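Throughout, protein chains are lettered first and strands after them, A, B, ... in sequence-line order, and every chain is numbered starting at 1. Since the structure is predicted, the reported quantities are computational estimates derived from the model, not experimental observations.
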Protein chains: 2
Amino acid sequence: MVTLAEVAQHAGVSASTVSYVLSGKRSISLGTKERVERSIRELGYHPNAGARALASSKSNVIALMVPLRTDMYVPVMMEIAIAVATTARAHGYDVLLLTGEEGAPAVRRVTGSGLADAMIVMDVELDDERLPLLRAGDRPSVLIGLPADTDQLTCVDLDFTAAGALCVEHLAGLGHRDIAVIGEDPAVYERHTGFAERTLDGLRTRARDLDVRLLHRPSVGGYDAMAATLARIFDERPATTGFVVQNESAVEPLLALLRQQGRAVPEDVSVLAICPDQVALQASVRLSSVSIPAEEMGRQAVERVMAKLQAGGEGGVRLLAPELTVRASTGPVSR
Amino acid sequence: MVTLAEVAQHAGVSASTVSYVLSGKRSISLGTKERVERSIRELGYHPNAGARALASSKSNVIALMVPLRTDMYVPVMMEIAIAVATTARAHGYDVLLLTGEEGAPAVRRVTGSGLADAMIVMDVELDDERLPLLRAGDRPSVLIGLPADTDQLTCVDLDFTAAGALCVEHLAGLGHRDIAVIGEDPAVYERHTGFAERTLDGLRTRARDLDVRLLHRPSVGGYDAMAATLARIFDERPATTGFVVQNESAVEPLLALLRQQGRAVPEDVSVLAICPDQVALQASVRLSSVSIPAEEMGRQAVERVMAKLQAGGEGGVRLLAPELTVRASTGPVSR
DNA sequence: GAGAATGGTTGAAGCGCTTCGAAAACATTG
DNA sequence: CAATGTTTTCGAAGCGCTTCAACCATTCTC
């Protein structure tokens with residue numbers, strides 16, 4: 001293992017000079033700079049991360065807490081995680097992967113040990129046990145998702161309330177008066193995950209405004225469950241002509257069942273999804289959808305962390321505006 | 001930030017004693033041990049990771065390189081990643097998330113800097129640029145997947161060759177003589193990812209043995225592509241009665257299209273998938289399948305890393321035996 | 001009851017780096 | 001050319017921990 005001292009000796013300068021060449025925190029003459037850089041290359045020097053962290057009390061690592069549950073759509077999580085890792089690298093940071101299961105102790109451990117300089121937390125619950133620690137703010141943190149009380153917190157998320165409203169607007173604009181909402185797994189609501197409830201809020205409020213009847217049904221994924229759910233819906237509201245789906249694993253079963261029942265999409269019923277574009281495009285009907293900008297969320301989270309680390313960063317909530325793309329699954333209601 | 005020295009002072013012992021209490025590397029009297037542990041708790045002490053890494057030249061971190069491509073089934077990747085993180089934590093290690101995109105330089109950076117003590121690499125290609133570095137073996141490494149030359153390497157993977165063979169056996173045993181294989185995205189084959197080719201090997205070899213005709217068609221996911229692929233298959237081999245699918249995003253389109261064409265599963269055609277159990281269970285027909293033991297792979301990879309870190313670990317390839325579960329999508333061929 | 005073995009504890013060195021204050025080298029000015 | 005300013009380089013301290021050699025106090029052995 002090559003050390004700074006060896007590089008210094010090889011280049012005929014002192015250790016501190018090498019350090020300053022590396023960090024650029026002091027001006028170095030062009031000559032020595034090049035000499036040092038050549039030595040670094042020739043010796044294959046890599047600064048020791050531990051020593052660096054110790055001396056500078058910065059680890060150049062940010063921790064990412066991902067949920068380990070699988071009742072939410074996994075590709076979205078993964079896309080966020082990848083975006084976080086990629087963006088962090090672009091800033092010279094590495095990413096430490098933490099599972100949400102460890103909860104608050106993990107937060108304490110990581111911030112306490114200086115393993116990471118900052119933390120990004122995904123899938124926060126409305127009243128999450130980790131919030132007090134993050135608020136205490138020994139280290140900067142950014143949440144992806146929105147808890148109930150965002151005071152002193154920095155959050156990034158899709159504006160699900162607006163997304164819900166947008167869905168109702170779109171369908172109402174097409175003349176739909178009875179809309180069924182196929183929601184996430186009941187477990188998601190029971191956990192009081194923010195996004196699910198906020199979507200519902202947006203849906204309901206706008207439905208009231210626009211005089212639309214709304215029926216909300218959480219649903220686990222899969223065909224059997226969906227079949228039962230769908231039967232109940234048409235039983236209760238036979239006039240239903242519009243569907244809003246916020247559950248990736250319910251999309252395809254819903255479409256298949258509708259087809260099977262002889263209800264054409266979008267002629268007889270319209271289906272609008274809140275899902276990643278990829279899902280909307282790969283479905284058996286190209287779905288009109290409000291997209292989940294996973295990558296954008298991951299990137300923004302990192303950018304905000306960086307801003308906070310450089311002390312210029314402001315807290316507060318940043319909600320991404322939802323975007324609705326009309327594809328082939330929604331159309332005017334037939335009389 | 002509380003330091004070891006402060007704990008020592010608080011407990012009325014020397015710093016080294018505290019260190020030994022923490023590491024257990026020397027015997028400590030019960031009395032002082034308890035006194036130290038109380039001080040640690042009272043002061044809320046967390047050892048500084050950087051200082052530890054520096055002094056002991058072990059970071060207690062293992063790096064995990066995940067592919068950033070999305071042409072493979074993401075939930076499997078995620079499940080492996082989570083299993084790795086969870087298992088690593090159980091051994092007192094943290095996980096650093098690296099994207100495959102960074103390639104060999106990332107390997108150099110991480111091993112060179114001592115950021116991680118070991119490395120787990122997912123999605124290796126048959127002739128991967130990272131292999132020479134991993135073989136050089138400054139640090140222990142474990143691959144999830146199998147390159148062409150496994151010499152001096154430690155690998156964990158599903159035995160895809162056996163999986164392929166198993167598929168043919170099962171279908172041949174049911175009387176199927178013409179089998180079509182719906183493969184991964186062509187890009188996967190072009191990249192020469194090991195598992196896809198090995199599966200094909202197993203399929204072909206056993207097909208030859210059992211006198212079964214095999215038609216292999218890579219396929220991107222989605223309905224349109226699948227429709228075209230399926231048409232070509234029945235065009236070329238009208239007698240096809242069995243399908244082996246190794247592409248999660250082709251499963252549902254295939255089932256839907258078969259249904260649409262009036263071919264009943266499993267009465268008219270049998271469909272056998274190589275996919276995670278969850279996919280097999282959530283499909284519109286409960287699929288007979290060879291499961292991808294993602295979690296098991298992640299766990300095993302970590303266990304092997306740990307073994308190597310404790311110097312007792314042996315290299316070599318460990319292949320997990322495939323398991324075929326018969327569900328509702330395969331049956332005897334109809335005359 | 002002297003000497004050896006054992007268990008418990010300590011002080012000090014050092015891991016490889018950053019960073020501060022100051023020295024050295026050079027350039028600028030009256 | 002002495003005095004001053006500026007740029008470049010250096011030495012040394014110290015970050016918080018591990019670990020080695022050494023020490024002291026017991027207990028054991030014959």
Side-chain angles (χ1 to χ4, degrees), chain A residues 1-37 39-40 43-61 92 109-117 138 309, chain B residues 1-37 39-40 43-61 92 109-117 138 309:
Chain A
M1 204 90 302
V2 188
T3 71
L4 220 205
E6 296 176 82
V7 173
Q9 188 174 8
H10 185 271
V13 297
S14 75
S16 45
T17 301
V18 177
S19 179
Y20 285 124
V21 168
L22 249 26
S23 69
K25 289 188 178 172
R26 287 214 183 159
S27 55
I28 299 286
S29 70
L30 193 67
T32 44
K33 185 173 171 186
E34 279 171 354
R35 210 143 25 86
V36 168
E37 280 167 350
S39 297
I40 289 179
L43 299 180
Y45 168 72
H46 286 272
N48 178 297
R52 257 195 170 169
L54 179 57
S56 66
S57 35
K58 301 189 313 147
S59 63
N60 272 256
V61 167
R109 187 170 59 83
V110 168
T111 59
S113 68
L115 239 186
D117 297 331
D138 302 322
L309 283 172
Chain B
M1 203 91 303
V2 188
T3 72
L4 221 207
E6 295 176 84
V7 173
Q9 190 175 8
H10 185 271
V13 297
S14 74
S16 43
T17 301
V18 176
S19 178
Y20 286 123
V21 167
L22 248 25
S23 68
K25 289 188 179 171
R26 293 234 176 141
S27 52
I28 299 283
S29 71
L30 193 68
T32 43
K33 186 173 171 189
E34 279 173 352
R35 207 141 30 86
V36 168
E37 281 168 349
S39 296
I40 289 179
L43 299 179
Y45 169 70
H46 286 272
N48 178 297
R52 257 194 171 168
L54 178 56
S56 66
S57 34
K58 300 190 311 149
S59 64
N60 272 257
V61 167
R109 187 170 59 82
V110 169
T111 60
S113 67
L115 238 187
D117 297 331
D138 302 323
L309 284 172

What's the separation between atom CG in L309(B) and atom NZ in K58(B), rounded to the nearest 0.5 Å? 8.0 Å
Can you measure I40(A) atom CD1 to dC17(C) atom C1' for me and round it to whole angstrom units? 13 Å
Which residue lies toward the 5' end of DNA chain C, L54(A) or K58(A), if each is placed at its nearest nucleotide? L54(A)
To the nearest Å, how far apart are N60(B) CG and dT18(D) P? 10 Å
State whether the distance check finds a donor on one side and an acceptor on the other, under 3.5 Å, for side chain R52(A) versus base dG16(D). no
If you only use heavy atoms from C-beta on, which nucleotide in dG7(C), dC17(D), dG16(C) is closest to the side chain of S27(B)? dG7(C)
Checking dG8(C), dC15(D), dG14(C) against the side chain of S29(B) (C-beta onward), the nearest is dG8(C)
Check whether the side chain of R26(A) and the base of dT9(D) form a donor-acceptor pair under 3.5 Å. yes
Do T17(A) and I28(A) pass the side-chain contact (heavy atoms from CB on, under 4.5 Å) test, and can you show the C-alpha distance, the side-chain angles, and the key distance before you say yes or no? CA-CA 8 Å; T17(A) 301; I28(A) 299 286; 4.1 Å; yes
Quick check for you: to the nearest 0.5 Å, what is the distance between L4(B) atom CG and L22(B) atom CG? 6.5 Å
Has the side chain of S59(B) got a donor or acceptor atom that lies under 3.5 Å from a matching backbone atom of L115(B)? yes
Ignoring backbone atoms, test whether T32(A) places a side-chain nitrogen or oxygen under 4.0 Å from the OP1 or OP2 oxygen of dT9(D). yes
Given dT19(C), is OP1 or OP2 found less than 4.0 Å from the side-chain N or O atoms of K25(A)? yes
Please state how far atom NZ in K33(A) lies from atom C1' in dT7(D), giving the value in whole angstrom units. 15 Å
Among residues 9-24 of chain B, which contact DNA chain D at a heavy-atom distance under 4.0 Å? S16(B), S19(B), Y20(B)
Nucleotide dG16(C), atom C1' - distance to CD of E6(A) in whole Å: 11 Å
What is the separation between atom NE2 on H46(A) and atom C1' on dC17(C), rounded to the nearest whole Å? 16 Å
Nearest 0.5 angstrom please: N60(B) CG to R52(B) CZ, how far? 7.0 Å
Gap between atom CZ of R35(A) and atom CG of L30(A) - 0.5 Å precision: 11.0 Å
State whether the side chain of E6(B) and the backbone N or O of T3(B) hold a donor-acceptor pair below 3.5 Å, judged by distance alone. yes
Can you measure I28(B) atom CD1 to dT18(D) atom C1' for me and round it to whole angstrom units? 13 Å
Considering only side-chain heavy atoms of S56(A), which listed nucleotide, dT8(D), dT19(C), dC17(C), is closest? dT19(C)
For DNA chain C, whose closest nucleotide is more 5', that of L30(B) or that of A51(B)? L30(B)
Rounded to whole Å, please give me the gap between CG in L4(B) and P in dC15(D). 13 Å
Atom CG of N48(A) to atom P of dG16(D): distance rounded to whole Å? 17 Å
